[in-house]
Every structure is written in structure tokens, then in C-alpha cells.
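Below you'll find the structure, written out as C-alpha cells, and then a few comments.
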Amino acid sequence: MTAVLDIDDLNIRFSTPEGTVNAVNGLSLSVSAGESVGIVGESGSGKSQVFLSTMGLLAKNGRAKGSTRFHGEELLGLKADRLNAIRGVRMAMIFQDPMTSLNPYLRISRQMTEVLMEHKGLSRAEARSRSIRMLERVGIPEAAKRVDMYPHEFSGGMRQRVMIAMALLCEPDLIIADEPTTALDVTIQAQILDLLSELRGDTNSAVVLITHDLGVVAGLCDRVVVMYAGRVVETGLVRDIFYSPRHPYTVGLLESIPRLEGDGEGGAEHPRLKAIDGQPPNLQSEIAGCAFAPRCPRVEERCQQERPDLIGLDNGHACACHKVGPT
Amino acid sequence: MAAVGERMDRMAGMEEVAGRSLWQAAWGRLLANRAAVVSLFVLGIIAVMALLAPWLSPHPYDEVYWERIQAPPDFANFHWFGTDGNGRDLFVRTLYGARVSLMVGILATGVSLLIGVSYGAIAGYVGGRTDSIMMRIVDIMYSLPFMFFVILLMVLFGRNIFLIFIALGAVEWLTMARIVRGQTLSIKHKEYIEAAHAAGVSNRVIVFRHIVPNVLGPVIVYVTLTVPQVILTESFISFLGLGVQEPLTSWGVLISEGAKQMESAPWMLIFPATFLAITLFCFNFIGDGLRDALDPKDR
Amino acid sequence: MFSYTFRRLLVAIPTMFVIVTVAFFMIRMAPGGPFDLERALPPEIEKNVLRAYNLDQPLWKQYVDYVGGVVQGDFGPSYKYRDFTVAELIGSGFPASFQLGFTAIVIALVFGVGFGSFAALRQNSGLDHAVMAVSMTGIAIPNFVMAPLLTLVFGVYLSLLPVAGWGDGALINKILPITALALPQLAYIARLTRGSMVETLNANFVRTARAKGLRERIVIVRHTLKGAMLPVVSYLGPATAQILTGSVVIETIFDIPGIGRYFVQGALNRDYTLVLGVMITLATLIIVLNLIVDLVYGLLDPKVRYD
């Protein structure tokens with residue numbers, strides 16, 4: 001399989017009034033054509049920043065170093081007009097908050113057709129009918145009528161459907177979905193996830209799903225990358241991560257997912273949810289050892305001084321922990 | 001019930017503690033803003049000079065020196081800014097003008113604060129029909145040519161300094177009322193207010209003990225921006241010859257006299273104009289600094 | 001939208017009524033009258049004069065007559081400019097005031113928005129700091145200081161432009177008054193524009209527009225400017241009022257025969273009808289312009305509903 005996206009030794013730094021923040025450190029990962037990869041981590045783990053830098057959307061005070069290649073073409077430092085020939089066309093992004101990510105002052109029709117007119121050179125009428133078809137495909141009723149409405153006339157779930165339709169317009173090779181369901185009600189979340197997995201069946205696009213929710217990943221992804229403090233701590237196929245997690249952080253994440261165990265009849269004992277104690281580290285200073293050490297239940301002397309490398313196990317499963325060796 | 005009310009009061013106390021550290025953070029951010037700090041300093045100097053005016057110069061503000069009419073700045077006779085068309089020392093008169101301008105600025109803003117905060121807090125807190133009627137009135141008053149009423153008032157009832165700041169205060173309260181009402185509306189539904197309600201604390205107590213303190217941030221910012229506005233308006237009225245009365249003076253009066261003599265005695269225009277401009281500068285910088293300090297998300 | 005406009009105009013009627021009433025009685029309660037300043041007239045003649053202007057009637061009767069006249073578009077005769085009606089005086093002063101005010105607001109808007117946008121797009125650059133420093137100066141130096149300073153420099157020292165006068169509306173006579181009138185508003189609009197542009201540029205929807213691979217020009221013009229203009233548009237109402245007020249002092253300084261100057265002179269001379277007439281004209285102007293501004297705002301912001 002060829003790599004659609006290939007990130008190698010990516011570092012992202014933000015200069016803030018309080019000092020430099022090392023948001024992403026030496027991160028490498030690749031996404032193959034048609035593949036679906038889940039990126040999991042707490043807020044502040046740098047997972048969104050990785051892909052914002054891919055899209056050339058880092059905040060002004062952010063700098064990305066390393067390499068990010070899209071079909072072999074280096075994206076970092078690419079000129080704006082060349083980058084604009086890629087983003088929105090061959091790779092698209094769906095953002096977390098559909099309430100603020102659509103322009104409140106423009107009709108949906110305008111916000112959709114402009115993509116097709118800019119990139120595909122379609123006439124307004126052609127762009128419009130294609131936009132309507134796309135809205136229908138993501139499940140917006142009466143699309144032909146609603147296409148001329150403004151974003152505030154849509155509900156949150158409907159707006160996220162519009163965002164998804166907008167991302168799909170040019171049939172991109174790569175779709176990056178940044179917490180696409182976090183801002184939505186639970187029932188709506190399920191609908192959007194269903195839509196995403198349904199669309200994944202229809203299209204050939206590779207999907208990167210950024211989320212803090214392992215449960216979301218389970219239904220939708222082939223592979224998982226777990227990030228902590230700007231680094232990959234564990235990566236592997238979904239079933240390997242879920243059934244034989246190796247990194248203590250991944251184990252902790254899985255244990256903190258609530259689930260209904262037992263038959264529930266007559267009040268079976270629910271196991272107490274386990275939380276991971278402590279806070280993610282402050283990324284303003286270099287961390288000498290393993291960033292997870294202060295919160296790790298299995299911490300030992302070595303973890304404080306020496307940073308563990310990502311070590312391959314089997315089946316593409318890899319883990320960065322001193323306590324985990326190759327099997 | 002009394003016990004619960006007491007506990008509510010203690011909770012309000014806790015709120016204040018959290019609030020105080022927030023104020024401290026804001027204060028720190030303000031001190032980091034160089035323009036605002038310099039402005040505070042300069043404004044302090046002008047205020048102190050205005051207060052100490054009689055002791056800073058050997059000349060009384062209303063003494064006429066017949067032999068030195070419209071004399072240029074002159075250090076031998078301690079006329080640092082020169083003299084005016086009646087041979088009075090301009091340095092002392094500029095500082096006396098500062099007294100009047102600053103006093104009118106502060107008092108009129110005080111009047112606008114009093115009216116605006118009470119009006120806005122009541123409208124926002126009571127809500128419903130009362131609110132919409134009260135804000136409707138503000139909307140309508142916004143579209144009135146208020147300055148013309150003020151000018152009219154000054155022309156018709158003579159130059160009375162108390163009339164000036166009451167009139168200006170009565171003009172400037174509208175925006176204050178809007179800000180306070182908006183803040184009150186957004187705070188009203190916060191949990192601790194509902195808790196106070198549930199505990200049977202009276203409306204009056206809720207408005208003045210819980211809502212008013214929380215509205216303070218935006219109000220402070222707006223106050224620092226209203227003071228220069230009022231000073232400006234007072235100068236404007238004085239410039240038209242409708243402000244304070246001789247031998248008292250204000251910056252507007254001095255600028256107006258200076259403008260008439262600017263060809264032969266430009267210092268009569270330049271010194272008071274500079275003082276006015278610097279003061280307006282300082283208040284604006286402090287206002288901007290405060291806004292950034294109290295609402296850091298804008299940066 | 002039509003019914004909204006209609007309702008707003010309906011509210012304007014009682015508003016105007018209040019303005020007229022307050023102004024009418026305010027002037028009348030003030031000491032002095034229109035004929036006090038002249039040589040004392042023989043009682044017989046004074047009586048005749050008062051009767052000629054209906055000033056011998058009870059106050060309430062005069063009020064009713066006056067309002068009745070205004071409703072029919074009759075502002076009465078001027079007490080000071082004996083051969084003119086107030087309507088004639090306002091008609092003669094209006095063109096000059098309108099040219100000054102309108103040009104000033106257009107200049108303030110165009111340059112204010114232009115400079116403010118450039119500063120926002122080059123945030124924290126030298127250009128940004130320069131524009132903001134200059135605009136702070138514009139705000140801190142009021143028009144009645146700016147006017148004499150400009151006159152001093154361009155009129156007296158450089159002798160490039162006339163110091164005062166209208167010269168029947170020659171362009172060269174208008175430059176200084178328009179500049180003095182426009183500068184403070186221009187400065188304020190520039191700051192307002194910069195602030196709201198910076199905020200909009202950081203909005204999520206602008207990030208979306210970039211993610212869609214749109215050209216920077218489209219991102220700015222189509223996606224940023226429209227939202228960023230809203231605070232500027234709502235400032236236009238107060239700005240008009242400020243310009244109208246400013247024109248009073250500017251017309252006085254530059255000796256321009258506009259209605260602002262009539263207002264000050266009228267008030268000083270107790271020329272009751274002239275003051276009221278100018279007041280009504282300006283209030284009408286402000287109310288109508290505010291309505292237009294609100295309608296334009298509604299066109300820009302789809303969330304505004306006229307129900």
C-alpha cells in the first residue's frame with residue numbers, strides 16, 4: 001500500500017509569552033490509501049496540532065519542523081498557492097465545532113459552491129447541483145431548499161453534516177476529522193459516526209479521526225495511534241490495542257471507559273471506573289525521561305531518566321515503554 | 001432559612017476570594033503593558049501638578065500683569081508657558097484648567113456611573129417586559145441629538161459648573177446602562193445567583209451584593225473611556241464659550257482663546273492643547289490596557 | 001422589512017414630539033428674550049413687536065400654535081433675521097453643512113476601514129503600530145484643537161489653504177474643515193476595524209475557509225471583511241451624530257454659513273424658532289440615518305430578523 005500521508009520526525013513549537021511550548025516532539029506516522037487511522041489522546045497531547053500543521057493552519061506563533069509528505073510532496077514550507085491546490089481538494093478537514101466553523105454571514109450554497117468553482121472550475125449552476133447532491137448524500141432532508149439557508153438555521157448535527165459534505169465535495173484522498181462529534185449531543189454523535197462509517201464504505205478516501213474517545217475509534221478505524229505529551233506512546237491495529245494494550249497509558253485509557261458489564265439484572269456489581277491520577281505534564285520544559293512517568297502505576301527508576309523509544313512488537317504493534325519488551 | 005442565608009453570604013465571600021486572585025492576575029497583566037503604565041504615571045503627574053498648582057508657581061491664577069500681556073514663555077519672570085491676552089500666567093492657568101477638566105471628567109463620569117449602573121442592573125435583573133421597555137427608552141434616547149440639548153442648556157442657563165457635569169453625566173449614562181444590563185443578563189443565570197434566589201435572599205440584596213461586583217470589570221474599562229469623553233465634551237462646550245466662567249478656566253476655554261491668538265501667540269494654543277491631548281491619550285491607553293488585562297482572550 | 005421600517009418611523013413621531021416639547025419649554029424657561037439685547041423699545045412698539053410674533057399669547061397657546069405649524073412644515077419666522085423664515089435659513093445653510101458632513105463621513109469610512117484592515121492584516125508589523133499610533137493621536141486630539149492646528153500649519157505658516165470662509169463652496173475652502181471634521185472619526189473607525197478584523201481573522205470559520213484551499217484574497221474579502229464590518233456599520237449611527245455636533249464648532253471656527261452656526265447664534269440670540277428649527281432638522285436627520293444604518297446592518301447579518 002502506498003502512503004497518502006507520511007509524517008517523519010515532526011516537531012511543533014509554540015512561542016508564548018510564558019515561554020516555548022513543545023507541543024509535538026519527534027512524531028512519525030503514516031497513513032495509507034483508503035486506510036482509517038484513529039489518533040487518540042487527551043486534550044493538549046498535540047494530536048490536533050499535528051494535522052493542523054499538515055493543513056498549513058498552525059496558529060501564527062507555531063512552527064513545525066521535520067517532514068510531512070502528501071503523496072511524496074513535502075507540505076511543510078510549501079508556497080500558499082501550491083498548498084491551496086492540495087488542501088480542500090485532495091485532502092480536507094472536518095473541524096470540532098460545527099457551530100463556529102461555518103461562516104455565519106454566507107449561505108450554505110455559497111460556502112459549498114466556492115470550493116467546486118475554485119478547484120474544479122465548475123460553473124455556479126453545476127457547482128450548485130453537485131452541492132445539493134452531496135448534501136442529500138450526507139442525509140440532509142430537502143437539500144435543494146435548505147442549501148440557500150444560513151448556518152444559524154441549521155441544528156448542530158445538521159451543521160456537522162454540512163461540514164462533512166463540504167469536505168467530501170472534491171472527493172479527497174485524505175479526510176482529517178478533528179473531534180467531529182465532541183461538540184454534539186450523544187444521540188447526534190452516534191448519527192454522525194454512522195454517517196462517517198457509511199461514507200467510508202462508499203469512498204476510497206483515507207480517514208484520520210482525531211479523538212479523545214477510544215470508543216469512537218473502535219467502530220470506525222483500522223489502526224490506532226495513542227499520543228501522550230506530543231509523542232506516540234503506542235500504535236497498532238484496533239483489535240491489538242483494545243485486546244492487548246501494552247502501554248500503561250493505553251491501559252489506563254481503556255479502563256476509564258464506562259461499560260455495562262455483567263447482565264445488569266438485579267444490580268450486578270459494576271466495577272468502579274478507574275481514572276488516571278494526576279495531570280498531563282507541562283510541555284514548556286524538555287522532559288528527560290518518560291513523560292507519563294509521574295502518573296504511571298508501573299514507574300521505576302529508569303523511567304525518570306531515560307526516554308523509552310517506540311519499539312516494534314508484532315503486526316505493526318509498537319509501544320514506547322521500558323516495561324514492555326518485544327514478545 | 002436564616003442559617004441558609006448566612007451560608008449563602010459566606011459563599012458570596014468565597015466568590016470574592018476567587019475574584020480577588022482574578023483581579024491580581026489582571027493587575028499583573030496591566031503592569032506588563034508599557035503604554036498603560038507610562039500613561040498611569042503621566043496622568044498621576046498631571047493630577048498632582050493640578051492639585052499643587054498654587055504652590056508650583058509664584059503667580060496667582062487670576063493676577064493680571066499689565067506690563068506682560070501675551071508675553072512668550074519667559075524663565076526670568078517664571079512665566080514658563082508665557083502669559084495670556086490679559087497678562088495672566090499661562091502655566092498656572094493651564095494647571096487650574098486641569099483642575100476643572102479633571103474634576104468635571106470624574107464627577108460627570110460618577111453621575112453617569114450612578115445612573116447607568118442602577119438602570120442597567122435593574123433592567124437586566126428584572127427582565128421581561130420591564131427590561132424591554134427600559135431598553136427601548138435607552139434606544140430612543142440614543143437617537144436624540146443630546147449634545148444639542150447640552151449646548152442649549154449651557155447657553156440658556158448660563159455657565160454653571162455643576163450644571164455642566166450633571167448635564168454631561170446625564171448624557172453619558174446610556175452606554176453604561178447597556179453594558180451593565182448585558183453583563184447582568186449573562187450573570188443572572190449563573191448557579192450561585194439561582195442558589196441565592198432559592199435561599200430567599202431578597203432581590204435588592206442579590207442585585208447589589210452579587211450582580212454589581214461581577215459587572216465591575218467591563219464597567220471599570222468603560223469608566224476609564226468615559227472620563228476622557230467627558231473631558232473632551234466639556235472642552236468642546238467651553239470652546240464654544242459656554243463653559244466655566246472667568247476668572248476660572250478650563251482647557252477648552254484656554255484653547256479657544258489660544259486659537260483666536262494663534263498667529264501672534266501660538267503658545268497660548270499649544271500648551272493647553274498639549275495638556276488636553278496628553279490627558280486624553282493617557283486615559284485611552286489605560287482603558288485599552290485595562291480591557292486587555294481584564295479580557296485576555298483578545299490577545 | 002417594510003413593516004419594520006414603518007414601525008420605526010411610527011416610533012420616531014413621539015420621539016420627535018418629545019424633542020420639540022422639551023426644547024420648546026427649555027428655551028422659554030431660560031432668562032432673556034429675543035428682543036432684550038437691543039435698545040429698550042418704547043413699550044408701545046415692543047407690544048406691537050410681541051404681538052406681531054404672537055409672543056403676547058399665553059405660553060401653552062404659543063406651543064400649540066408652534067407644533068401645529070411644524071406639523072404643516074412651517075417653522076415660523078426668525079426673530080433675528082427679520083426678513084427670513086426659519087425654513088429659508090435652514091434651506092440656505094443646509095447645503096454647506098451637508099457637503100461638509102457627508103464628505104467627512106465618507107472619507108472617515110473609506111480611509112478608516114482601509115487603514116484598519118491593512119493594520120489587521122499586518123498585525124504587529126511596523127505598519128500596524130504606525131497606523132495605531134496615528135489613530136490614537138487622531139482620537140486624542142479633538143476636532144476643535146485639530147482645526148486651529150491645521151489652520152496654523154497650512155493656513156498661516158505654509159499659506160497653502162485659506163484660513164476661513166466658504167468662498168461659495170470652492171474646494172480649497174473645504175479641505176481644512178472637512179479634514180478637521182473627518183480625522184477623529186477616521187481614527188476611531190480605523191481602530192474599530194482593526195480590532196474586529198483581528199478577531200474575525202482568528203475565527204474558526206476563517207480557518208475553515210483556509211482549509212478549503214481558497215485563495216487568500218477570497219478568504220479576506222468574502223469570509224473576513226463582511227463579519228468584521230458589522231461593528232463599523234453599527235458605529236455609523238453615533239458617528240453621524242458626532243459629525244453633526246462637530247460641524248457646530250467647525251462651522252464656527254471656519255466661519256462657514258451652515259446650520260450648525262445658526263444653532264449657536266440662534267441660542268445666544270434667543271432666536272427661539274431658529275434654534276427649534278435647527279434642532280428638529282438635525283434630530284430628523286439623526287433618526288433617519290440611524291434607521292438606514294440598522295437596515296444596512298440587517299442586510300449584512302443574516303441573524304437579524306425584522307419581526
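Keep in mind that the numbers below use all heavy atoms, side chains included, and drop hydrogens, waters and symmetry copies. Residue numbering restarts at 1 for every chain, and letters A, B, ... go by the order of the sequence lines.
The shortest side-chain heavy-atom distance between C/K212 and A/Q111 falls under the 4.5 Å cut-off. Contact of the A/K60 side chain with the C/Q123 side chain is registered, since non-hydrogen atoms from C-beta on lie closer than 4.5 Å. At a threshold of 4.5 Å between non-hydrogen side-chain atoms, the residues A/Y105 and C/D301 count as touching.
No other option in A/M55, A/M93, A/R110 has as many heavy-atom pairs under 4.5 Å with chain C as A/R110. Among the candidates A/V89, A/L106, A/D81, the residue making the largest number of heavy-atom pairs closer than 4.5 Å to chain C is A/L106. Chain C forms more heavy-atom pairs under 4.5 Å with one residue of A/L52, A/T100, A/L83 than with any other, namely A/T100. For chain C, the option among A/G88, A/P104, A/S101 with the highest count of heavy-atom pairs below 4.5 Å is A/S101.
In this structure, chain A has no heavy atom under 4.5 Å from any part of C/A203. Of the atoms belonging to C/I218, it is side-chain heavy atoms, and not backbone ones, that fall under 4.5 Å from chain A. In this structure, chain C has a heavy atom under 4.5 Å from the side chain of A/M163, while its backbone stays farther away.
The distance from atom CG of A/D97 to atom OG1 of C/T208, rounded to the nearest 0.5 Å, is 9.5 Å.
Closest of all the heavy-atom pairs between C/R210 and A/N84 is O-OD1, 4.4 Å.
Contact residues of residues 124-147 of chain C toward chain A are absent (heavy-atom distance under 4.5 Å). For residues 230-247 of chain C, the interface with chain A (any heavy-atom pair closer than 4.5 Å) comprises C/L230, sorted by residue number.
Other residues, nucleotides and ligands place no more than 12 heavy atoms under 6.0 Å from the CG atom of A/N204.
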